[in-house]
Amino acid sequence: MEHPEGSPSGPAPARVPLTKEPAPQSVPATQLPMKVYEAALKTGPDSSSGLATAGFRTAKYLPPEWHQSNYNLYHKAFASCEESERNRDEAKELSESTAATTERAQKDSTAALGQRLQDIHFWKTELQKEIEELDAETSLLAAQKLRLERALDATEVPYAIATDNLQCRERRQPPDLVCDEVERELLKEAELIRNIQELLKRTLMQASNQMRLNRDHKEVCEMDWSDKVETYNIDDKCGRYKNQSTNIQFHPSSVKFEESASTPETWAKFSHDNIYRAERERLASVNLRALIDNILHDVSEDLRMQCAAVNEAFAKRCLELDDTKHKLEHHLKGTLKEIGDQEANIVALKQAIRDKEGPMKVAQTRLYDRSFRPNVELCRDAAQFRLISEVEELTESIESLKKKLREAEQSLRNLEDTRMNLEKEIAVKTNSIFIDRQKCMAHRTRYPTVLKLAGYR
């Protein structure tokens, strides 16, 4: 087929056979611009612009234009087919690529969910372990708190005993109402018990606060653990989803990041901080339990040592009272004997004085009668001098005996006073011994044991 020599738009390109598939072009085909062809009116000698062809003078295409139009259609069809084939290849390649990408993305997502499940399981296990340890520690601390309460209750008995002993010893009579070693030890014991009670109350309050902190942190860990369990179940369910699952559907609104969502770092830090704070409180609880155990041990030992010191002071005091009482009784026995002897002496002195009355009467009667001698017979003879001397001797003897009688009677009164004082003092000592031994020491037998003071009973 010959090529047209020319056209309004220039020489026409070579025509392509329709029986052969055109080779692919390296340059992608583009949409050709539309061209407007203007019909050239023939005005030559062969033109039919006369009156006879007036009805056929409408604008018509020339043959080259016709060929050009056909060529354009061929080219457009070739370009369309080529573009369609390229689109099909690209679509196939894109489908295969997107299928591989989708499968890889789904595998990566599943693997990421699996890794996330491992992370959640790790923290969930750590939280569960910490919760169990914190719960066990709280139970141990509660047992120590119970020991504190028992020990605090047990100190009421020693304090009541000490105060009762002090009050009983106030009923001692002077001079035994003395601030002795027993009273000093009892006051020390009462002061010690008051200090111990204050210490136990403070420790009990500290244990209560620690138990509250343990429960608070346990609750925080339990909430975190509960969230981990729920999240684990959700991610486990998500990891089991397949393309063939029947419970999957579109959720376009879920393809976003929540503003309040945490990052993996803050997520791990949140659980780590919860475990760290719980571990810190658990260690504080362990230290507090050790402190409580030491306090209760020291308290029980101190109270028993002080109780032993008080009992020893009571024993010494009772021995002193017994010894003093025995000595007083010995002196009372001697005093009573002396009183008897003195009474006999007084009787003898009185008898001796009475015995002097006869001789005195005789001597005085003789002198009296001789005073009636007449005249010169009233002579100061030897007999007269001897009678006067006898009366004077008798008078002197009687006065000596009376003086000695008065001394004996005064001595007897002194002995009686001594006897009364000794008897009174013996009664005082007997009362003191009764108070210390029968009242105080008997009451102290109810002193709690070391185990009870340590809060074990």
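- Put simply, the side chain of F270 does not reach to within 4.5 Å of the side chain of S262, judged on heavy atoms.
- By the 4.5 Å heavy-atom criterion applied to side chains, N165 and F314 are counted as neighbours.
- Using bins of under 30°, 30° to 60° and over 60° for the plane-to-plane angle, the ring pair H272/Y276 lands in the parallel bin.
- Residues H443 and K439 fail the side-chain proximity criterion, which asks for heavy atoms closer than 4.5 Å.
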Between R169 and C440, is the side-chain contact (heavy atoms from CB on, under 4.5 Å) condition met? List the steps. CA-CA 8 Å; R169 299 189 92 240; C440 297; 3.9 Å; yes
Step by step, work out the side-chain contact (heavy atoms from CB on, under 4.5 Å) result for L141 and N214. CA-CA 10 Å; L141 184 59; N214 287 356; 3.9 Å; yes
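- For W123, the CH2 atom is densely surrounded, since the number of other residues' heavy atoms within 6.0 Å is greater than 12.
- Between L62 and E65, the closest side-chain pair of non-hydrogen atoms falls below 4.5 Å.
- Under the 4.5 Å side-chain criterion, counting only non-hydrogen atoms from C-beta, V178 is in contact with R172.
- A salt bridge does not link E320 to K325: none of the charged nitrogens lies less than 4.0 Å from a carboxylate oxygen.
- Q206 and N209 form no side-chain donor-acceptor contact under 3.5 Å, judged by distance and modelled atom types alone.
- Closest non-hydrogen pair, C221 versus A278, comes out as SG-CB, 3.7 Å.
- Between the CG atom in L204 and the CD atom in Q144 there is a gap of 12.0 Å [rounded to 0.5 Å].
- Scanning all heavy atoms of the two residues, the minimum distance from L453 to A151 falls at O-CB, 3.3 Å.
- At a threshold of 4.5 Å between non-hydrogen side-chain atoms, the residues I295 and L291 count as touching.
- Side chains of T266 and T263: a donor on one and an acceptor on the other come within 3.5 Å.
- Among residues at least two apart or in separate chains, salt bridge (charged side-chain N to carboxylate O under 4.0 Å, His left out) pairs with a member in residues 228-249 are D224-K228, D236-R240.
- Between the CG atom of L200 and the CD1 atom of I193 there is a distance of 11.5 Å, given to the nearest 0.5 Å.
- With respect to the salt-bridge test (charged N to carboxylate O, under 4.0 angstrom), the residues D322 and R437 qualify.
- In this structure, CD1 in I292 is found 11.0 Å from CG in L140, a value given to the nearest 0.5 Å.
- Residue pairs satisfying the salt bridge (charged side-chain N to carboxylate O under 4.0 Å, His left out) criterion with at least one member in residues 293-306, sequence neighbours excluded, are listed as follows: R147-D293.
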Could you give me the CA-CA distance, side-chain angles and deciding distance for Q342 and N345, then say whether side chain to side chain donor-acceptor pair (under 3.5 Å) is met? CA-CA 5 Å; Q342 192 63 264; N345 181 46; 3.0 Å; yes
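- Of the charged side-chain nitrogens involved, at least one lies within less than 4.0 Å of a carboxylate oxygen, so that E222 and K218 count as a salt-bridged pair.
- Under the 3.5 Å distance criterion, with hydrogens and angles disregarded, no donor-acceptor pair is assigned to the side chains of Q210 and S285.
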Does N414 form a side chain to side chain donor-acceptor pair (under 3.5 Å) with Q410? I'd like the steps, not just the answer. CA-CA 6 Å; N414 293 336; Q410 183 61 41; 3.2 Å; yes
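- Across all their heavy atoms, R317 and D180 have their closest contact at NE-OD2, 3.1 Å.
- At distances below 3.5 Å, not a single donor-acceptor pair connects side-chain atoms of D164 with backbone N or O atoms of A160.
- Using a 4.0 Å cut-off between charged side-chain N and carboxylate O, K337 and D341 make a salt bridge.
- Rounding to the nearest 0.5 Å places CG of L296 at 12.0 Å from CG of L451.
- Between L186 and L166, the closest heavy-atom pair is CB-CD2, 3.6 Å.
- S432 places a side-chain N or O within donor-acceptor distance of the main-chain N or O of V428, the cut-off being under 3.5 Å.
- Comment: K269 engages D273 in a salt bridge, judged by a side-chain N to carboxylate O separation of less than 4.0 angstrom.
- One finds the CG atom of L113 at 9.0 Å from the CD1 atom of I120 (value rounded to the nearest 0.5 Å).
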May I have the step-by-step check of side-chain contact (heavy atoms from CB on, under 4.5 Å) for E137 and R289, ending in yes or no? CA-CA 9 Å; E137 177 58 33; R289 283 196 300 109; 2.7 Å; yes
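- Contact check on R184 versus E181 returns a salt bridge, with a Lys/Arg side-chain nitrogen under 4.0 Å from an Asp/Glu carboxylate oxygen.
- Checking Q68 against N72 by side-chain atom types alone, a donor-acceptor pair falls below 3.5 Å.
- Among residue pairs with one or both ends in residues 443-455, those qualifying as salt bridge (charged side-chain N to carboxylate O under 4.0 Å, His left out) are E189-R444; sequence neighbours excluded.
- In this structure, L303 and Y447 have side chains that are in contact, with non-hydrogen atoms separated by less than 4.5 Å.
- Between the side chains of Q197 and R194, no donor-acceptor pair of N or O atoms lies under 3.5 Å.
- Using a 4.5 Å heavy-atom threshold, the side chains of T101 and R104 count as touching.
- At a cut-off of 3.5 Å, with distance as the only test, no side-chain donor of E130 or N274 sits close to an acceptor on the other residue.
- Taking the centre and axis of the six-membered ring of Y232, the NZ or CZ atom of K124 falls inside the cone set by 45° and 6.0 Å.
- Salt bridge E103/K107: present, at least one basic N to carboxylate O contact under 4.0 Å.
- H330 contributes no side-chain N or O that, together with a main-chain N or O of H326, makes up a donor-acceptor pair within less than 3.5 Å.
- The two residues A207 and L288 make their nearest non-hydrogen contact at CA-CD2, 3.7 Å.
- In this structure, E279 pairs ionically with R282, as a charged nitrogen and a carboxylate oxygen lie closer than 4.0 Å.
- Ion pairing of E191 with K188 is absent here, as no side-chain N (NZ or NE/NH1/NH2) approaches a carboxylate O to less than 4.0 Å.
- Taking a cutoff of 4.0 Å between a charged side-chain nitrogen and a carboxylate oxygen, R215 and E219 do not qualify as a salt bridge.
- Taking each heavy atom of T324 and K429 in turn, the nearest pair found is CG2-CE, 3.5 Å.
- With rounding to the nearest 0.5 angstrom, the CD atom of E425 is 12.0 Å from the CG atom of L332.
- Listed for the D135 side chain is no donor-acceptor partner under 3.5 Å among the backbone atoms of I131.
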Going through the distances and angles, do M441 and N311 end up as a side-chain contact (heavy atoms from CB on, under 4.5 Å)? CA-CA 7 Å; M441 294 188 70; N311 291 341; 5.6 Å; no
